[in-house]
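Report on the structure given below.
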Protein chains: 2
Amino acid sequence: MTSGLHSPSAAPSAHAARGVPRRPPLSPALLDALQTRFGTRVTTADAVREHHGSDESPYDPVPPEAVVFAHSTKEVSDIVTLCAHHGTPLIPYGAGSSIEGQLLAIEGGISIDLSEMNAIVSVHAEDLTATVQAGVTRKGLNEHLRDTGLFFPIDPGADASLGGMASTRASGTNAVRYGSMRENVLDLTVVLADGRVIKTGTRARKSSAGYDLTRLFVGSEGTLGIITEVTVRLYPQPEHLSVAICTFPTMNEAVRTVIETIQIGVPISRVEFIDPLAIRALNDYSKLSMTEAPTLFFEFQGSQSAIDEQIAAVRELADGHGASDFQWATRPEERNKLWTARHNALFAFLQLRPGCKAITTDVCVPISRLADCVNETAADLAESGLLCPIVGHVGDGNFHVLILVDPNTEGEFEKGEALNQRLVRRAIAMDGTCTGEHGIGLHKMGFLVEEHGEDVIGVMRAIKQALDPKNLMNPGKIFAFEGPTVPALSV
Amino acid sequence: MTSGLHSPSAAPSAHAARGVPRRPPLSPALLDALQTRFGTRVTTADAVREHHGSDESPYDPVPPEAVVFAHSTKEVSDIVTLCAHHGTPLIPYGAGSSIEGQLLAIEGGISIDLSEMNAIVSVHAEDLTATVQAGVTRKGLNEHLRDTGLFFPIDPGADASLGGMASTRASGTNAVRYGSMRENVLDLTVVLADGRVIKTGTRARKSSAGYDLTRLFVGSEGTLGIITEVTVRLYPQPEHLSVAICTFPTMNEAVRTVIETIQIGVPISRVEFIDPLAIRALNDYSKLSMTEAPTLFFEFQGSQSAIDEQIAAVRELADGHGASDFQWATRPEERNKLWTARHNALFAFLQLRPGCKAITTDVCVPISRLADCVNETAADLAESGLLCPIVGHVGDGNFHVLILVDPNTEGEFEKGEALNQRLVRRAIAMDGTCTGEHGIGLHKMGFLVEEHGEDVIGVMRAIKQALDPKNLMNPGKIFAFEGPTVPALSV
């Protein structure tokens, strides 16, 4: 169904089929204007462009024509205004950690690097909110918060930027308790496609004041505007934390334990599934010695007695599913070692087969279907003969298969993509989604259509048309958009 | 600044200033077509039209030209298609409990009554989700769930319909723990302005699949399409519940107690502030005998030991602020009596001054500013000489003043509106919002502009233009929209 992923033209069918519109090359006048305004913060150096045309996806880089390092919302607005004048596309760049091809400059244009916009604008400890520039990373924010007694919980594996996390509607291991970026962004500063700057919300915890523009921009992957500041919710650091690892005879028993834990409402803060192959990879990469079996990582938090109650409830469920080998990590160093190992999973998995690339799947299903989805997928993976570790934020019904493929072995990409495709279709048939937290980028454009249908894509396209009629904001991502010729809704 | 609220042309300035576009009267051909298709479920009877042109706002009714009772998404789609063909506006009607003028047919057209679309489509107990037709009310859903061990927490005062609650992004007393409709809707079935039907999401708990259309329609007050089915999150019924009432020497001490409770992260499930005048009204209306003092209603939930810990933490904070007279309601009848009294507040307040109407305010501010906002407002209210009970979902920074005005006393509406206007501006200056949970409707259109600025309204208008270019979906609400002549963004 799909060819390899070496170049974007070989990306999944929806993108490949439509072709990439021809745009004129970068105008020397625009480059001049940018250099006059930004000096050495504009570059066309090959290495920098190549870096900015890559992400953690298996795609080969597609470099932008130039890179500009912005330092303020005003500067972003000026760059957008100049680019709008010249009809030049813009791709916002944060930490470069997206994994579905979001950063590839498939229609040329300028990469606008926000990583130096890394100021903490304000922390309102009393209100449990922080406002940061888009380039601040989740670790950077938490480092800043360390002595306040507060923290920001959303933790995709990478040390992603808050702007990027908002753009892909990221989540991570804490989402089972704290939600995703969808629930935790209160306000955004956004530069629109014509250079105007808007604030989408306020610092109030809730509001019914008109259309929810905050959540429209969250998850829009840079296609509707450029997020330059993010106001997020913070939470009190938990009084106590306790982490447990336990192993199960089968993947099914592990997943059933999670389903029952969620159903009875135990307020666990994290629950991660890790399959035996993934355990082996984490052991090797992070110098651990966990048993190579279907494993759950649990985290409990609250007062000591609350934790004790949660643990008792979970142990009873886990015991009913044949759990063994409960191990506890209560000291901060032990806990951090485990979670760091978990967060480094992608890099650990890539070491299972050096030189390979990873096709990362990201389905999320209603939790009642999770065991079916994981089991059917495991059987399919086993048949493929490829190395495919599985990890999952199973409390949300979300899990990732890392399909390791060798770009130099004929047919492996195709085999990996076919596995991914069957997995996505399985999830959609279970009333799930093709992406729990990574976004669509280039890689899932075809799947988005399968999941939602053409009428929904038509609504998204109408919104894109309304806010970015020249299709300059990260063009060619999420869905095909043919510019002004796209008809509006047929009213 | 504003004249009275007797008629919509006297509504706040944004609306009054632009005037209401002239539309042709209801086409006899359309009425014929509707009657052929729907028989006696179409009516032009005065009493029915008057009822459907009213809500709980202080506005006099503005009846639609006809009312149609729909029974299915397909029927809604057929009605929308017919109306689109004739250029006739449509206003969705659920339980009639909105309070900002959302239901008034200020541009004529058809009221489409969804109250008979009251089927529970499915309950997936394992997944903690329910899908219901838009006319199901919150009490209807919870009645249906009673024996499942699950419940749906969002509880505006009225027994609103789920479709209406989604449309206004409703919340209520449980939002401090469970969030609002924003956080609790997973999927919507929506009939678009051209009659097409879309599903905006899936039953997966999280997703990064394209633009967040679910949350775009949540809070859009019927202006972008008609919600016909809603999939919501459910929660396990709490193991134990305990409700406490306590009184404080001053409003300020009560509010400070709440602020500190939130800041240290006590997972209270409800905390409501009620001022002495409001207590008097609740006592009279619900035959209670609470002390007429600044009062907090707390609800705690979880295991008994978790509740005990929460109570101990809150008592310590409350004692520090001079709380007295702690009273406990642990039996279900006692608890229900208190919460029923709280939910009947609007009706109780109206009895304070029979024959009056209520201007209901709804600001929400960052919690650090809550005491300032409440105190400054109380001083302003006291000066006005009007009866103005105050209640608040103070854990969210949200509170309501019910400004009781006599429509027959010259100048009272103006005085009440001036109080509301000063309150809204106070909240906006504190980085808060003009509406925490009631929506904009007609009443807050001017305030929406003040809160967000013209550029944000421009983005909302561009989205409206993209999805409803003929301006037929609940026209004239949220913001002024001049139809196809509105320019798109100036790119």
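Order of the sequence lines sets the chain letters (A, B, ...), proteins ahead of strands, with each chain counted from 1. What you see is a predicted model; the values in this text were computed from it and never measured.
- Residue A:Pro156 comes nearest to A:Met165 through the heavy atom pair CD-CE, 3.5 Å, listed as atom of the first residue, atom of the second, then distance.
- With a 4.5 angstrom heavy-atom cutoff, A:Glu309 touches chain B only via side-chain atoms.
- If you measure heavy-atom distances from B:Thr200 to chain A, the contacts under 4.5 Å come from the backbone alone.
- Contact annotation for B:Ile478: only side-chain heavy atoms (C-beta onward) come within less than 4.5 Å of a heavy atom of chain A.
- For chain A, the nearby parts of B:Ile262 are the backbone and the side chain; heavy atoms of each come within less than 4.5 Å.
- Between the side chains of A:Ser171 and A:Tyr178, no donor-acceptor pair of N or O atoms lies under 3.5 Å.
- B:Ser305 contributes atom OG, which lies 11.5 Å from atom CD of A:Gln304 (distance to the nearest 0.5 angstrom).
- With chain A as partner, the option from B:Ala175, B:Gly439, B:Pro238, B:Gly436 having the largest number of non-hydrogen pairs under 4.5 angstrom is B:Gly436.
- For A:Leu213, the part sitting under 4.5 Å from any heavy atom of chain B is the side chain, from C-beta outward, and nothing else.
- Of the atoms belonging to B:Asp431, heavy atoms from both backbone and side chain fall under 4.5 Å from chain A.
- With hydrogens and angles left out, the side-chain atoms of A:Asn174 and A:Tyr235 include no donor and acceptor closer than 3.5 Å.
- The greatest number of non-hydrogen atom pairs below 4.5 Å with chain B, out of A:Ser180, A:Gly179, A:Ala204, A:Gly265, is found for A:Ala204.
- If you measure heavy-atom distances from A:Thr214 to chain B, you find no contacts under 4.5 Å at all.
- Neither the backbone nor the side chain of A:His124 comes within contact range of chain B; no heavy atoms are under 4.5 Å apart.
- Considering NZ of B:Lys477 and NZ of B:Lys464, their distance stands at 9.5 Å, rounded to 0.5 Å.
- If you measure heavy-atom distances from B:Leu448 to chain A, the contacts under 4.5 Å come from the side chain alone.
- Among B:Arg205, B:Glu451, B:Glu260, the residue with the largest count of heavy-atom pairs under 4.5 Å with chain A is B:Arg205.
- Ring geometry for B:Phe447 versus B:His443: interplanar angle of 30 to 60°, hence tilted.
- Only one option out of A:Thr433, A:Asp362, A:Thr435 pairs with B:Ser207 in a side chain to side chain donor-acceptor pair (under 3.5 Å); it is A:Thr433.
- Proximity to chain B (any heavy atom under 4.5 Å) is restricted, for A:Glu221, to the side chain, taken from C-beta onward.
- Residues A:Met430 and B:Arg203 are not in side-chain contact: their nearest non-hydrogen atoms beyond the backbone lie 4.5 Å or more apart.
- Look at A:Glu126 and B:Arg256 and you find a salt bridge, because one of the NZ, NE, NH1 or NH2 atoms lies within 4.0 Å of a carboxylate O, short of that distance.
- At a 4.5 Å heavy-atom cutoff, B:His85 makes no contact with chain A through either its backbone or its side chain.
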CA sep, side-chain torsions, deciding dist, call: B:Glu437, B:Arg169, salt bridge (charged side-chain N to carboxylate O under 4.0 Å, His left out): CA-CA 6 Å; B:Glu437 56 186 12; B:Arg169 204 179 294 127; over 6 Å; no
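- Side-chain contact between B:Met473 and B:Leu224 is absent, with no heavy-atom pair separated by less than 4.5 Å.
- Contacts of B:Gln263 with chain A are made by both backbone and side-chain atoms, with heavy-atom separations under 4.5 Å.
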Verdict with reasoning, B:Phe217 to A:Tyr211, per ring pair (Phe, Tyr, Trp, His ring centres under 6.0 Å): CA-CA 8 Å; B:Phe217 284 100; A:Tyr211 301 165; 8.9 Å; no
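- Interface summary for chain A: among B:Gly201, B:Ser368, B:Cys364, the most heavy-atom pairs under 4.5 angstrom belong to B:Ser368.
- With a 4.5 angstrom heavy-atom cutoff, A:Thr168 touches chain B only via backbone atoms.
- A:Arg182 touches chain B through its side chain: at least one heavy atom from C-beta onward sits under 4.5 Å away, while N, CA, C and O do not.
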Steps toward side-chain contact (heavy atoms from CB on, under 4.5 Å) verdict (A:Thr131, A:Asp187): CA-CA 8 Å; A:Thr131 300; A:Asp187 187 15; over 6 Å; no
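- In this structure, the portion of A:Asn398 lying under 4.5 Å from any heavy atom of chain B is its side chain and not its backbone.
- With chain B as the partner, the residue from A:Ser303, A:Gly397, A:Ala306 showing the most heavy-atom pairs under 4.5 Å is A:Ser303.
- Between chain A and the options B:Ala170, B:Pro236, B:Gly195, B:Ala427, the largest number of non-hydrogen pairs under 4.5 Å is found for B:Pro236.
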